[in-house]
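First the structure, in the form of structure tokens, and then the observations on it.
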2 protein chains.
Amino acid sequence: MTLIVPFKQVDVFTEKPFKGNPVAVINFLSIDESEVTQNELQAIANWTNLSETTFLFKPSDNKYDYKLRIFSPRNEMPFAGHPTIGSCKAFLEFTKNTTATSIVQECGAGAIPLTIKEGLISFKAPIADYEGISSDVIAGYEQAIGLKFVAAPALLHTGPEWIVALVDDAETCLNANPNFTMLADQTNQNKHVGIILAGPKKNASIRNSYEMRAFAPVINVNEDPVCGSGSVALARYLQELYNFEESTSITISQGGRLQRDGHIVASIIQEGDGNTSYHVAGHAITVIDGNIAL
Amino acid sequence: MTLIVPFKQVDVFTEKPFKGNPVAVINFLSIDESEVTQNELQAIANWTNLSETTFLFKPSDNKYDYKLRIFSPRNEMPFAGHPTIGSCKAFLEFTKNTTATSIVQECGAGAIPLTIKEGLISFKAPIADYEGISSDVIAGYEQAIGLKFVAAPALLHTGPEWIVALVDDAETCLNANPNFTMLADQTNQNKHVGIILAGPKKNASIRNSYEMRAFAPVINVNEDPVCGSGSVALARYLQELYNFEESTSITISQGGRLQRDGHIVASIIQEGDGNTSYHVAGHAITVIDGNIAL
């Protein structure tokens, strides 16, 4: 029997079609999770050829709004950034919910709180841990990227294990031409997913506006168009570097070299209890809307 | 203004969803081609992330049924095999035509005749030219693939410039693990798109049943799941090798290493006038059906 369910392909971190990062979202809200197998979900994600395909299920508990399962073409992931924003957008449209201001997503990384404000969807990062790296590893990355970094890069645990490195300015970042073979070797040796390269924009009054690029050749993504977890990693790195005492928002542009034009707001929130949390916000628009036959 | 038009994502060379090679098909039959720019079409194809995205337009002359424009994520192509079969399937569904047995597609490579018989869609290849290659080049490909070839490989001009090489049997073909860096260098140096590797199935009564794989790392496709132009190339190569005097059909399986299960029939037709033509046939099913907002 062919099962036909609602489908959307949502463009994330943009208000203009084809300028952001797409995610395929399949609506399984009206079927039981036990009706589909891991292999079936993986086969769909393998076929869409997008960096992520997600599946909306009924949540396991009514403290969540929905359960999300996130797949790359090769494996299931506990969490991912742009798919979370795109899937929340699709959930609101599928359920014709035009008034929600907060949503809780159940996923492999636990409960992810989301807020919706004037069309901007924001999630709280489940993890953002900082770790220094050795000068040998830094030298390897400088060689692979072909540029000198302006501060010591670090390893950021955000779900994916991103190296974050800063270069002089936005233009230097946009002009970088990494050696992908060398970069794949370097990330593979160190069990990192890839590198987030960022450069401050010239007219930014303070250190709060960046051009960013995300390179992950080891998982077959030479360059990711617009990257949610990479934005968490950059914000956490900047907090370590500059020790912002107040809550701060970082605006990030990404995707120029791939004919995209992504816009991300990464917020560092000083919680008052001494803790700091990291939030990523962006717009999302549904580009393809219909059904999928399984 | 947002333009919303019908959209289908069709799975080609399979009757089971997610087992073939997908193509995104956008229905512009009711708008004028001048209403959309080259850059807009390219941006859509860049965003779907599929090997090909196609656009159906009204034909320039009523001797054609439709005009097809075919884009990879990077450029427009005069012709491509699986997108032609998938787009014909979508055209028939868009126009609710359930009775057609022949269709003529207008595209960059000219008029492509298609036939439809019991759900099997077949196109006549616009080009299938054979050219020998030097022993140095052969040695380079043997090193990159890591196997000895069982006959001299050749260069096949089928739109894409494919090298075709045979190995001992289907199992050897399925187990091949090319060195993609070496293969990209080799194809780049020689201006080839990639290599079609094929091995005969053990129980095939004559030389008419093959396992096939298509590698094109130089255009960022390490392995293509199921390949139409590669099937034309293999059929033309086999005609040169075995000099079939009668019309012959070659059945090809492809995609096993990528969790696909594609089935292709490549036919060598002796036209009677001394000419030989090459035809590729496969099933196609619409998996995603809806609209796209531009």
Side-chain angles (χ1 to χ4, degrees), chain A residues 2-12 14-26 39-53 73-74 179-182 184-185 217 220-226 255 258-261 285-294, chain B residues 2-12 14-26 39-53 73-74 179-182 184-185 217 220-226 255 258-261 285-294:
Chain A
T2 303
L3 182 66
I4 297 178
V5 297
F7 171 92
K8 290 180 192 276
Q9 197 155 306
V10 180
D11 207 12
V12 181
T14 180
E15 294 181 272
K16 290 181 217 145
F18 315 114
K19 290 295 184 185
N21 202 355
V23 59
V25 187
I26 289 150
N39 283 349
E40 286 168 339
L41 302 183
Q42 188 61 69
I44 298 169
N46 174 262
W47 182 84
T48 68
N49 210 40
L50 296 175
S51 58
E52 282 95 4
T53 298
R74 296 182 184 184
N179 178 323
F180 289 114
T181 307
M182 223 187 258
D185 284 349
N220 233 356
V221 180
N222 277 357
E223 183 161 3
D224 189 54
V226 203
L258 301 173
Q259 290 73 55
R260 311 292 173 91
D261 182 22
I285 47 170
T286 295
V287 172
I288 298 169
D289 199 353
N291 292 303
I292 186 165
L294 286 85
Chain B
T2 303
L3 182 66
I4 297 177
V5 298
F7 171 92
K8 289 180 192 276
Q9 198 156 305
V10 179
D11 207 12
V12 181
T14 181
E15 295 180 271
K16 291 180 217 147
F18 315 114
K19 289 295 185 186
N21 202 355
V23 58
V25 187
I26 289 150
N39 284 348
E40 285 167 340
L41 302 183
Q42 188 61 70
I44 297 169
N46 174 263
W47 182 85
T48 68
N49 209 40
L50 296 175
S51 58
E52 282 96 2
T53 298
R74 295 180 185 185
N179 178 323
F180 289 113
T181 307
M182 224 187 257
D185 283 350
N220 232 356
V221 180
N222 277 356
E223 182 162 4
D224 188 54
V226 203
L258 302 173
Q259 290 74 55
R260 310 293 172 90
D261 183 22
I285 46 169
T286 295
V287 173
I288 298 169
D289 198 352
N291 293 303
I292 186 165
L294 287 85

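Letters A, B, ... mirror the listed sequences (proteins, then strands); counts begin at 1.
Here the CH2-CZ distance, from A:Trp47 to B:Arg260, works out to 8.5 Å after rounding to the nearest 0.5 Å. Separating the OG1 atom in A:Thr2 from the CD1 atom in B:Ile285 is a distance of 8.0 Å, to the nearest 0.5 Å. Interatomic distance, A:Asn222 CG to B:Asn220 CG, rounded to the nearest 0.5 Å: 5.5 Å. Atom CG of B:Asp289 and atom CG of A:Asn291 lie 7.0 Å apart (nearest 0.5 Å).
Both the backbone and the side chain of A:Gln9 come within contact range of chain B, each with at least one heavy atom under 4.5 Å from a heavy atom of that chain. Both the backbone and the side chain of A:Asp11 come within less than 4.5 Å of a heavy atom of chain B. With a 4.5 Å cut-off on non-hydrogen atoms, A:Ile4 does not touch chain B at all.
Contacts between residues 14-21 of chain A and chain B, defined by a heavy-atom separation under 4.5 Å, are made by A:Pro17, A:Phe18, A:Gly20.
With sequence neighbours excluded, the residues forming a side chain to side chain contact (heavy atoms under 4.5 Å, CB included) with B:Asn49 are A:Asn49, A:Leu50, listed by chain and number.
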